[in-house]
Structure formats: structure tokens, C-alpha cells
Amino acid sequence: MENGVISTKAEGFLSRMALNDNKAGMEGLDRDKINKIIMESSKGSRFYENELKKEEQVNQRIEKMMLQKAKITEQHLKKAQAQVDRMATELERSRDLSRVIVHVDMDAFYAAVEMRDCPELKDKPMAVGSMSMLSTSNYHARKYGVRAAMPGFIAKKLCPDLVIVPTNFDKYRAVSKEIREIFAEYDPHFQPLSLDEAYLDFTDHLDQRQSWPDTLRIAPNMMLAKVCSDKNKPNGQYRLPSTKEAVMDFVQNLPVRKICGIGKVSEKMLNALGISNCFHLSQQMALLSLLFSETAWHHFMQVSLGLGSTHIPRHEERKSMSTERTFREMSKTEEQLSLCRELCEDLAEDLKKEGLKGKTVTLKLKNVKFEVKTRALTLPYAVATVDEIFAVAKDLLKTERDNESPLPLRLRLMGYRLEKAEGLGGEQDW
DNA sequence: GCGGATCAG
DNA sequence: ATGGCTGATCCGC
């Protein structure tokens, strides 16, 4: 029993904190050595303690799921299988292989821009970000296990020669603009996902020119195109043929973690059921339909059949806008209040740029133990100005302070979000 | 509607 | 000493 607990904890550490070799450029490095260094620089920190706590919650979720699984009868499963089969037939009828979808993803984008502007960096391990957090790293640095979303001080331990370049968003935005102008030539309705990523529908373009560009990752739908864009990095290309056989073959060998929407936690839950790739996923669909929500298993179903959107949606209207900031411990009421005011000013300014309003104000707090809390209030009318927002924001903060009283709120992050409320009348007020 | 969680980039 | 920020969505109240 004692041993069981300890090994669960060790496993928990690995799944949540350990090196993620999902990314390109992470093949064939010394995982054990890297994980040991990450572990040593993490152990005992408040961040790490909180990660352990979160991991324990995930383990409990899994335990609950396993108990549910144990209660499922053969009869139950048979019935579910019949429903799954019916749905598969239905979905199969909707399969559309006539579109050509491309997902473009700039390789190590921020790092590439910095190396372009400072060629000496090309031969060195480098990353973009700060000692607190890295946005991305070049391929030299990846050999040491240095990757995006890793704090710089840990990266420095993995690779003491690492050069950390501060982020320069204006520059990346400018390059992104150039890139998007090129995208528009191929598909005027392309959908940008971030500064360095976009979906393009190439179907019409290819009808006009007959030559096949072999410079891109191509597939018959968005889900597949996204996965393909990860293949043969860097500088490699991949085209998934538009046949059902090719698609099914491709999808069956795919680890579930590669699927957009399946993250660390979902992966761990699926793994607990013996599911690690999409072949297992399709084999266990009846079981999944009984253990997961409808939305979740329908998504699994689509994925296991290699289906995805064949039309790129037009850019949706934004639903919320937020601003948050991390700082060193702040416990004084007056300081917190003036920060609250500052954040409201920033938010109001951002809202003004887009001419937006919102009905729901949400306060986000993270204490020095990395515990996150949100507190929201929905108004009967939409607000946008600093004073309107601040009036609500300061009350939300006060309520939290009163809740904790007489202990002070020992904060490391504060943020505010304004949201368009659902329901009738939401549209005209936003 | 609220709050916690997950996910992506 | 240093463990981010923004936006979306889902689940279970």
C-alpha cells in the first residue's frame, strides 16, 4: 500500500511535469537525465506542490471512472456497441474527400524571426522569453530538452549556454502580417489560429492551377491537416491522399495525444483504459460512449473515423476579452486595489479599440500557493468604461478579501475578464 | 449563471 | 529568485 502511493506520486510527476517529447526536434534525447534535472529544480517549490495536488485530483477522476467501468455489464456494452455502429454508418455517409485542406505552421516561429535578425544565434542554442517563461526554442536548444512553456531558469540548468532573447511581439506581428498576405493569395478566406498558424482551403486554388505544390502539409479535412502539419518537421512535407483507405491507415496509427483537443489529462484517462492510439480508440468506442460525455465520445468517434471539418469557418465574433498579470507576492489591500484599478484601465482601453462591451465581469486570482480562483458577476446591462468595470471589479475583490479575513489575500496574479452574456438580448447589448 | 478544469497556441 | 497570457469550451452544479 505504502509503495503504491509512492509510485502513484512518481508517475504523477512524470505525466504532469516531465519533458514533453511530443514536439518536433525532441527525438532521441536523454529523457531520464533531462527529467532528473527538471525534477531537482522543481522539488519542494510551491509550483511543484500545486502540480502534485492537481495530479492527485486527476488520479481520483480516473479511479472514479474505473469504478464506473467495473459496473458495466456485457448487456450494457452490447447495446452501446449497436448505437456506436449505427452512428458510424451514419457518419460514413457524410464523409467528404473532395476538399483539400492545408494547415500551415511556422517552425519555431519567434526563434526563427530572432535568428533572421541576428544570424550569430543560428549556431547557438537559443530560446525566446525570460527566466520565468520561454515561448519557444530553436532546434539546437531542443536537443537539450529546452522547450516552449518551460521556465528559463530550468532551461538554463539543462543547457547553461542557452541564450535567452526577450520577446518582441511587434516584430512577430509584422512578420505575421507578411505571411498572411501570402496566405490570402492562396485562400482569401483562410483562418489564422495564431501569429504563426493558419488553415487554408486549397481546393479552389488547385482547380485553377493544376500543379500540386509539394511545399505544404495537405489533407482532406481540418483535423487531419493539423496532425499532418506536425509530420516530417522541420522542412519536410506531407500529403495525405484523399482516399478512405489512406485516411484510415493514417489515423489508426496515430497516438491519441496528437489529436487536437486531447491533452495531458484526457490522454491519461484514455491510457488508463488501455487506449493509446486511434485504433484502440475505435475498438473501445462502446465503452467510451458509456464513460464519457456525449460531446466527448462523439468527438472521439469522428476522430477514429478520420473525419473532420471540410469547410473552414468564417472568423467568429469574439466572446470575451481579458487581462491578467503575475507579480511577486502582494498582500496589502491598498496595493491590490490600485492594481485592480490599473487592470480595469487596461481592459477598458482594449475594449475601446474594438468597440466592445460585456455583461459579465470575472475576477481571477492566484495565490502564492498557485491556487486559482475566479469570481464572476453578471449585470443586467453591458458595460465598457473604466469606471463601470471598476465599480464591479473592486466589489468582487472586496468580497474575496472579506471571505479570507482576517487572513490577507497573498496574491501572485490578478486578472479581469469581460464577457458577452448568453441568452436573449445579448447580441444588441454587446 | 458560476466556478473549476482542460486545452490550444 | 525567477513556473505566462489570452481565449474558448465543457462539466456539474
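Below, all heavy atoms of this structure are taken into account, side chains as well, without hydrogens, waters or symmetry copies. Residue numbering restarts at 1 for every chain, and letters A, B, ... go by the order of the sequence lines.
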What is the nucleic acid contact for [X], judged by heavy atoms within less than 4.0 Å: base, sugar-phosphate only, or nothing?
{"X": "A:Ile262", "answer": "sugar-phosphate"}
{"X": "A:Lys54", "answer": "nothing"}
{"X": "A:Ile164", "answer": "nothing"}
{"X": "A:Thr167", "answer": "nothing"}
{"X": "A:Ile154", "answer": "base"}
{"X": "A:Val58", "answer": "sugar-phosphate"}
{"X": "A:Ser266", "answer": "sugar-phosphate"}
{"X": "A:Thr323", "answer": "sugar-phosphate"}
{"X": "A:Glu197", "answer": "sugar-phosphate"}
{"X": "A:Arg417", "answer": "nothing"}

Row check, A:Phe390 ring normal vs A:Arg341 NZ/CZ: under 6.0 Å, within 45°: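 Yes, A:Arg341 lies over the aromatic ring of A:Phe390.
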Cationic tip of A:Arg180 above A:Phe183 ring, under 6.0 Å, 45° of axis: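 Not flagged: A:Arg180 not positioned over aromatic ring of A:Phe183.
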C:dG4 versus B:dC7 - spacing of their C1' atoms, nearest Å: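 It comes out at 15 Å once rounded to the nearest Å.
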Those residues that, when tested against A:Ser331, pass side chain to side chain donor-acceptor pair (under 3.5 Å) (two or more places apart):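 Residues passing side chain to side chain donor-acceptor pair (under 3.5 Å) with A:Ser331: A:Glu329.
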Partners meeting side chain to side chain donor-acceptor pair (under 3.5 Å) with A:Gln336 (sequence neighbours left out):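 Per chain and number, A:Gln336 pairs via side chain to side chain donor-acceptor pair (under 3.5 Å) with no residue.
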Could you tabulate the donor-acceptor pairs under 3.5 Å formed by side-chain atoms of residues 150-170 of chain A, not counting sequence neighbours?
| from | atom 1 | to | atom 2 | distance (Å) |
| --- | --- | --- | --- | --- |
| A:Lys156 | NZ | A:Leu162 | O | 2.9 |
| A:Asp170 | OD1 | A:Arg173 | NH2 | 2.9 |

Salt-bridge test for [X] and [Y]: reply yes if a basic N is under 4.0 Å from a carboxylate O, no otherwise.
{"X": "A:Arg417", "Y": "A:Glu324", "value": "no"}
{"X": "A:Glu419", "Y": "A:Lys359", "value": "no"}
{"X": "A:Lys268", "Y": "A:Glu55", "value": "yes"}
{"X": "A:Arg46", "Y": "A:Glu49", "value": "no"}

Below 4.0 Å: OP1/OP2 of B:dG4 and any side-chain N or O of A:Arg375: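 So the side chain of A:Arg375 is within the cut-off, an N or O lying under 4.0 Å from OP1 or OP2 of B:dG4.
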Phosphate-side-chain proximity, A:Ser194 and B:dA8, N/O vs OP1/OP2 below 4.0 Å: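 No.
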Closest-nucleotide 5' rank along DNA chain C - winner of A:Thr295 and A:Ala149: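 Looking at the nearest nucleotide for each, A:Ala149 comes out on the 5' side.
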First of A:Ser41 and A:Glu324 reached from the 5' end of DNA chain C, by closest nucleotide: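 On the 5' side of the pair lies A:Ser41.
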[X] [atom1] to [N] [atom2]: how many Å, rounded?
{"X": "A:Glu419", "N": "B:dC2", "atom1": "CD", "atom2": "C1'", "answer": "10 Å"}
{"X": "A:Met223", "N": "B:dA8", "atom1": "CE", "atom2": "C1'", "answer": "17 Å"}
{"X": "A:Leu195", "N": "B:dA8", "atom1": "CG", "atom2": "P", "answer": "19 Å"}
{"X": "A:Asn403", "N": "B:dC2", "atom1": "CG", "atom2": "P", "answer": "16 Å"}
{"X": "A:Ile62", "N": "B:dA5", "atom1": "CD1", "atom2": "P", "answer": "15 Å"}
{"X": "A:Met65", "N": "B:dA5", "atom1": "CE", "atom2": "P", "answer": "18 Å"}
{"X": "A:Gln60", "N": "B:dA5", "atom1": "CD", "atom2": "C1'", "answer": "15 Å"}
{"X": "A:Gln57", "N": "B:dG3", "atom1": "CD", "atom2": "P", "answer": "17 Å"}

Given DNA chain B, 5'-ward residue of the pair A:Cys260 and A:Thr378, judged by closest heavy atom: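 Residue closer to the 5' terminus by nearest nucleotide: A:Thr378.
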Show which side-chain atoms of residues 297-304 of chain A pair as donor or acceptor with protein atoms under 3.5 Å away, not counting sequence neighbours.
| from | atom 1 | to | atom 2 | distance (Å) |
| --- | --- | --- | --- | --- |
| A:Ser304 | OG | A:Phe300 | O | 3.4 |
| A:Ser304 | OG | A:Met301 | O | 3.0 |

Test item: side-chain donor near acceptor, A:Tyr172 and A:Glu114, under 3.5 Å: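 Distance-only check passes for A:Tyr172 and A:Glu114.
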DNA chain C: 5'-most and 3'-most nucleotides touching chain A, 4.0 angstrom heavy-atom criterion: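 First and last nucleotides in contact are C:dT2 to C:dC11.
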Stem regions touching DNA chain B, defined by at least 3 consecutive Watson-Crick or wobble G-U pairs below 3.5 angstrom: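 Stem list for DNA chain B: B:1-9 with C:5-13.
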